[in-house]
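Worksheet: one structure, shown below.
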2 protein chains.
Amino acid sequence: MTPPPPELPQDTRHRLIEAAILTFAEKGYDGAGIREIAQRAKANSALVTYHFGGKEGLYREALRHISARKASEVATLPPPPEPGSPGAREVALQGMKAYIRAFVTDLMSCPAESEVDAAAMALIGREIQMPHPVSAPVLLEFARPYMERVLALLRILRPDADPETLLRLTLSIQGQILHFRNSLGFIRLLSGDPDFPKDLEALIQHFTDFSLRGLGVPEAFPQTRP
Amino acid sequence: MTPPPPELPQDTRHRLIEAAILTFAEKGYDGAGIREIAQRAKANSALVTYHFGGKEGLYREALRHISARKASEVATLPPPPEPGSPGAREVALQGMKAYIRAFVTDLMSCPAESEVDAAAMALIGREIQMPHPVSAPVLLEFARPYMERVLALLRILRPDADPETLLRLTLSIQGQILHFRNSLGFIRLLSGDPDFPKDLEALIQHFTDFSLRGLGVPEAFPQTRP
DNA sequence: CAAGATTAATCAATCGATTGATTCAGTCAA
DNA sequence: TTGACTGAATCAATCGATTGATTAATCTTG
């Protein structure tokens, strides 16, 4: 018989962070108590102050943990093509499709797979809407690669657009997807379908079609209407 | 000299509700305390229990107050045309443009005009993302006219689409606008432009163009790209 | 290598502050 | 007189934070 695992000390920190992500996502910063978080992590509430300096520090560290884990996933996509390079337009078109797919799957990470991942994205979504004073720097760093990737692709697909137009286009593309994720619970209430969306692949296809047409990319348009 | 206004007694209830909207919007349900709300309304905190039965009752009544005041504004738009009636398609096209304009101006109601209106929409936005158990019925009733208006127009503009597609299209149109409103503070941080959007009219035009193209409406497409 | 010293990690217990709620004597207009 | 309201006091509960003690791990030194 193996003895009970020695409960690696450094592991407690990590358990606290994961419990914090779950609890903050469920109840918000004010709604979540450090006692509840500690209990969830099977640790003592005093450790929140010991490891993170307090509730605020734990919150900051939880957001940092999310940011560090997610930031790398965007980088796995092939880099956007150089503007002006041969075939850049076609590559950018495919790049946009790949980006939207990655963005959706990032956001819709199934709760069954990783409860913490799902809570993490819910937490980020809430922070974007209503940033806690502590979170702004972490959040900006988290969002920047997503923004810059879309902007780089848009500069190729819409070389005529000025910077403000590019920003608006970026926000429309990301906005429909983010709103979809952030309001999923409400949408399910509204539509009366508790397991909407049934077909994630169809949803990705929809976002791709809607966005590419919305951008005014001619290639995406002709075949869609009788 | 006129004596100080007699402070209409029934008015206290209303002052409490408005103070509640402001405070709940700023700090969330858990972050706001009834003492702070009462102080803002220049009333006694005991009146929260007296008038509304407690904090939860005040919250519910605040949401109801918002819902009752906003719901009428959608109805001022001309009704959507009958499917199949002559020129229904053109009327629906104009109807969609009017709807998007109304939706944007509703959401972006300038804080300078009515601080309470702006806070109310921020509160609704937060509730959509993370509904308080108390708010679900009020919220559904609030959102339904907005949803049904878009769906009615879409059934004319996209008669080929099945119900799930119609829902996705509706969510994409509203989503980009809602995300824009809900994340405005964050967007200003990201773009580095503290008074974005400078031009509300250009923004409305953008949402209209992006949405109509995204819908696959041929009329909206040809002229936009060189 | 072993004994002693130091540090890190954790705990139960408790702190003062604040929470939502309640009570109650008093004001004031109808 | 009655109902709407006020202001102040107070309640139990809970909050985040802190304390002092204890154990486990690591390092120092003879």
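Because only heavy atoms are used, hydrogens play no part in the values below, and waters and symmetry mates are left out as well, while side chains stay in. Just so we're on the same page: letters track the sequence lines, and every chain starts at 1.
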Polar side chain donor-acceptor pair, B:T23 to B:E36, under 3.5 angstrom: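 Per modelled atom types, B:T23 and B:E36 side chains form no pair under 3.5 Å.
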
Nucleotide [N], atom [atom2] - distance to [atom1] of [X] in whole Å:
X     : N      : atom1 : atom2 : answer
B:I37 : C:dT19 : CD1   : C1'   : 12 Å
A:K27 : C:dT19 : NZ    : P     : 18 Å
B:K55 : C:dT22 : NZ    : P     : 14 Å
A:E36 : D:dG16 : CD    : C1'   : 14 Å
A:I34 : D:dC15 : CD1   : P     : 9 Å
A:E56 : D:dG16 : CD    : P     : 12 Å
B:L16 : D:dA4  : CG    : P     : 15 Å
B:Y59 : C:dG20 : OH    : P     : 14 Å

[X] has a side chain; which of [options] sits nearest to it?
X     : options                : value
B:A43 : C:dT22, C:dC11, D:dT6  : D:dT6
A:H51 : C:dA21, C:dT10, D:dT18 : C:dT10
A:N44 : C:dA21, C:dC11, D:dA17 : C:dC11

Short side-chain N/O contact from B:Y50 to OP1 or OP2 of D:dA4, under 4.0 Å: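 Checking D:dA4 against B:Y50, a side-chain N or O does come within under 4.0 Å of OP1 or OP2.
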
Short side-chain N/O contact to C:dT10 OP1/OP2 from A:T12, under 4.0 Å: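 Yes, within the criterion.
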
Value rounded to 0.5 Å, distance of CG in A:D209 from CZ in B:R168: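 So the CG of A:D209 and the CZ of B:R168 are separated by 9.5 Å.
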
Closest-nucleotide 5' rank along DNA chain C - winner of B:A46 and A:R35: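 So the residue in question is A:R35.
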
Sugar-phosphate, base or nothing in reach of B:A38, heavy atoms under 4.0 Å: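 Since no nucleic acid heavy atom lies under 4.0 Å of B:A38, the category is nothing.
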
4.5 Å side-chain heavy-atom contact, A:F180 and A:M108: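 Yes; the side chains approach each other to less than 4.5 Å.
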
Electrostatic pair B:R15:B:E18 at N-O distance under 4.0 angstrom: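 Salt bridge flag = no for B:E18 with B:R15.
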
A:S191 (side chain) donor-acceptor with A:I187 (main chain) under 3.5 angstrom: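 Yes.
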
